[in-house]
Structure formats: C-alpha cells, structure tokens
Protein chains: 2
Amino acid sequence: MNNLTSRSTAAGQGCRAAAADRLRHFGVSVTRPRVAIMEYLMEHHVHPTVEQVYSALSPEYPSLSRTTVYNTMKMLAEHGAVTLLTIDDRNLNIDENTTPHAHLYCTRCHRIHDLPLQGVSPLQASYAFTLDGHLIQQVHQYYKGVCRECQTDLNKEPLLTNKQ
Amino acid sequence: MNNLTSRSTAAGQGCRAAAADRLRHFGVSVTRPRVAIMEYLMEHHVHPTVEQVYSALSPEYPSLSRTTVYNTMKMLAEHGAVTLLTIDDRNLNIDENTTPHAHLYCTRCHRIHDLPLQGVSPLQASYAFTLDGHLIQQVHQYYKGVCRECQTDLNKEPLLTNKQ
DNA sequence: ACTTTATTTTGGAATAATTGTAAATTTCCT
DNA sequence: AGGAAATTTACAATTATTCCAAAATAAAGT
Ligand SMILES: [Mn+2]
Ligand SMILES: [Mn+2]
Ligand SMILES: [Zn+2]
Ligand SMILES: [Zn+2]
C-alpha cells in the first residue's frame, strides 16, 4: 500500500510494469533493454524507426546498443508482439499495435498513419488462412499519398522530413 | 513486306519495338538502355530486383550500369510505367504490371506472386481518391506467408532463395 | 553534314541501414 | 556464491542504394 518506499515501481514516467507484462505475455524473458524498448513502443504508437527508438532511449540508457534494438525488434516480431513495416524504402518502421489495420504512407512527411483495413475484417486477418493454395500468415495493406496535414501546408513550407 | 533485309527489326528474340512504344506511351524518350530494360521487364513479369535486371542484361550490354537501372526504374515509376514494391526488406522489386493487384510474398522462397485486390476494385484503385482527408495515390496490398509450391516441398529440400 | 547544347549514361566512390562477431555482462539455477 | 546459458555490447563487415563528375549520346540549330 505504501509505495513511497519503492520509488522505481511507482514514480517512473512511463509504466515499465506494463511493458514487462506485455513481454511475459508474448513469452519472452524480461530484461532491462527489452523493457526499455517495449515501454517506449507502448508510449509512442507512431511507427518509429529503429534509429528513433535507439536515439530516444540512448540518453537515459547510454550503454544501449543499436544492435540490441534491431535484435529485439526482430525477436518481438517473431513472437507476434510487434509488426515490422517495410513501407518506407529507406528504413523499417515498428508497429506495436498488432491488431490488423491499414496504413497511409505520406510521401511528403514520410509519416505513417493508421487506417482501417479494407475487404478483410481485423479478426479474420489475425489468423492464418489459405488463399489460392497459399498459406497466408499476415495481411499488409497501405496507401501512398499525401496526408491531411501535409495537404494544407502544401504551398507554405517546402517539405519536412520526419527523420533528422 | 520483305523483312529478311532488316534483321534487327524482325529476328530479335524479344520485341524491342513494343518496348519502345511503351516508353513513348508513358512520355519518356527512347534510349538504348531504356529499351533494353523495358524489354526485359515486359518479357519477365516476375517482379525482378534491380540486380536481376542488371545481371540479366549485362552480358549482351556490357556497358550497362547498375546506376542506370536504378535511375531508369525510379523514372519509370514516376511516369507510372512500373510500380516499385518494398515488400521484401532486402531489396526492391519491380512490377511492370501497373494494373492494381495484390501480392503474396513467400517467406520461404522470397518470390512474389500476383493475387487479386481485396475490398477495392482495380479500376477504383487506379485513380487518386480521398480517404479520411488524406489524398490516396496508390493502393498496396500484400500477404506474407508460404506459397503453394513451397508448401509441398516443405519437408523435402531445406530452403532455396531465389536470389544468387 | 557539322556545331552547339541539352540529356543521358557510366563507373567508381560515398552513404547508410542492417547484420555478423566475439567478448563482456547479466540472468538464472543449484 | 559459482557456473552454465542467455543476452547485450561495441565495432567491424556487408550490401543495397545514392551521389557525382566525366564521357557518351541524342537533339536542335546552321
Ligand atoms: Mn499502425
Ligand atoms: Mn505483381
Ligand atoms: Zn504528411
Ligand atoms: Zn515459396
């Protein structure tokens, strides 16, 4: 009841307990870098790149390695805890929201927005099925275009990349 | 009528006239490397990589540069003559079939198969439209899984990559 | 056909995302 | 605590793609 004694559990900015729970839920052992990464993903549902995750965590966790972020992402994807998006040909984006949904990739700001799936229900898409003899394990849908925000700014600013 | 005199026009393996026509149709000027590349694409609707196009043409056209293949692909994509697929995170694949359709990416053989689009008609998808305030210019749909062929071979051979 | 100009191609170097590796660290079990 | 197994780390290596400046080709003008 008295949580003043355990500062680490209650006073942290983001909830690392929830991150640890999620890791356990997907059957991966809980370690410091994994919790940090998962915590970041749970607080920023914005399809970050590996670089963004790395450089966001780096200040508070200087020994974190880029390789660990890559390895962790691949591992989490294999356990179904994240989805790796290869929409932007420059680098991969991580989606912590594993409910099947579609995306809009804005060719102006390079951000990725969520949209509902078309033609398949999210429930249907979350299980494997057969199509034309092929075993389907994941459904990916995305659009390329210009996002709402960028359309209004089109004439104004020149063009802002969300990286760097 | 007598085409024995003009060997180059009639006797060639693939039809470079059709390739040149297609280039003109998309409003790009006709040059030797472009014709060679377009001809290759029209004869191999198999989502080749830049490397595959390059190394296929290289023997007959030794001065061809990889850079030219890259530049040409990007240019053709801007003119709507091809679609660039960022499905395989290792490299991009070129699709000469610009009719909107879906794909299956086989995680075993890394080949990309064509499938019909779901939830959107190809006609609908071939024009820009608005969704949730966003301007949609391209519709991309693909599945990840194991293709029909690979399922039957699953126990037999270990795993064959289609590159190299 | 010949010159001039603009466009395209070329090859080699540069960039940058991702992967490989071997040593160091942490975790987990007894 | 002690030791095996798993994980992380730092850095090197790889590799797809881009950059660039010179060479070649195509187009336009005389
Ligand atoms: Mn998403
Ligand atoms: Mn296709
Ligand atoms: Zn945008
Ligand atoms: Zn296959």
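Since we're looking at a predicted model, the values are computed, not measured. We use all heavy atoms of the structure for the numbers below, so side chains are in, but hydrogens, waters and symmetry mates are not. Each chain gets a letter, A, B and so on, in the order the sequences are listed, and its residues count up from 1.
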field: Residue whose closest nucleotide on DNA chain C lies nearer the 5' end, B:Thr72 versus A:Arg66
entry: B:Thr72
statement: Closest to the side chain of B:Lys74, out of C:dT19, D:dT18, C:dT9, is D:dT18
- prompt: Counting any heavy atom closer than 4.0 Å, what does A:Tyr61 reach on the DNA or RNA strands: base, sugar-phosphate only, or nothing?
  reply: sugar-phosphate
- line: Considering only heavy side-chain atoms of A:Leu92, the closest of D:dT7, D:dT17, C:dT18 is C:dT18
field: Atom-to-atom span, CG of A:Asn71 to P of C:dT18 - whole angstrom
entry: 13 Å
field: Atom-pair distance (CE on A:Met75; C1' on D:dT8), nearest Å
entry: 13 Å
message: Tell me whether the rings of B:His134 and A:His113 are parallel (<30°), tilted (30 to 60°) or perpendicular (>60°).
response: tilted
- line: A:Leu85 CG to C:dA17 C1', in whole Å, measures 16 Å
query: Under 4.0 Å: is that the gap between some side-chain N or O of B:Ser29 and OP1 or OP2 of C:dT8?
result: yes
- prompt: Tell me: CG of B:Asp88 to P of D:dT17, nearest whole Å?
  reply: 10 Å
field: Distance test, side-chain N/O of B:Tyr70 to OP1/OP2 of D:dT17, below 4.0 Å
entry: yes
- request: Indicate, with a heavy-atom threshold strictly under 4.0 Å, whether A:Thr68 touches base, sugar-phosphate, or nothing.
  value: base
- prompt: C:dA17 P sits how many Å from A:Gln52 CD, rounded?
  reply: 11 Å
field: Integer-rounded Å distance: D:dT17 P and B:Asp89 CG
entry: 11 Å
message: Between P on C:dT9 and CG on B:Leu76, what's the gap in Å once rounded to a whole number?
response: 10 Å
- prompt: What nucleotide among D:dT9, C:dG12, C:dA17 has an atom nearest to a side-chain atom of B:Thr67?
  reply: C:dG12
task: Supply the atom-to-atom distance A:Ile87 CD1 to A:Lys144 NZ, rounded to the nearest 0.5 angstrom.
output: 8.5 Å
message: Check this one for me: any side-chain N or O of A:Ser65 less than 4.0 Å away from OP1 or OP2 of D:dT8?
response: no
- request: Go through the steps for B:His103 and B:Asp95 under the test side-chain hydrogen bond (donor to acceptor under 3.5 Å, both in side chains), then give the verdict.
  value: CA-CA 11 Å; B:His103 291 107; B:Asp95 199 340; 3.0 Å; yes
statement: A:Leu64 atom CG is separated from C:dT26 atom P, nearest whole Å, by 14 Å
- prompt: Going from CE on A:Met73 to OG1 on A:Thr68, what distance comes out if it is rounded to the nearest 0.5 angstrom?
  reply: 11.0 Å
field: Short side-chain N/O contact from A:Arg34 to OP1 or OP2 of D:dT7, under 4.0 Å
entry: yes
- request: Look at B:Ser63 and D:dA24 and indicate whether a side-chain polar atom (N or O) is within less than 4.0 Å of OP1 or OP2.
  value: no
field: A:Asn97-A:His47 side chain donor-acceptor pair, cut-off 3.5 Å
entry: no
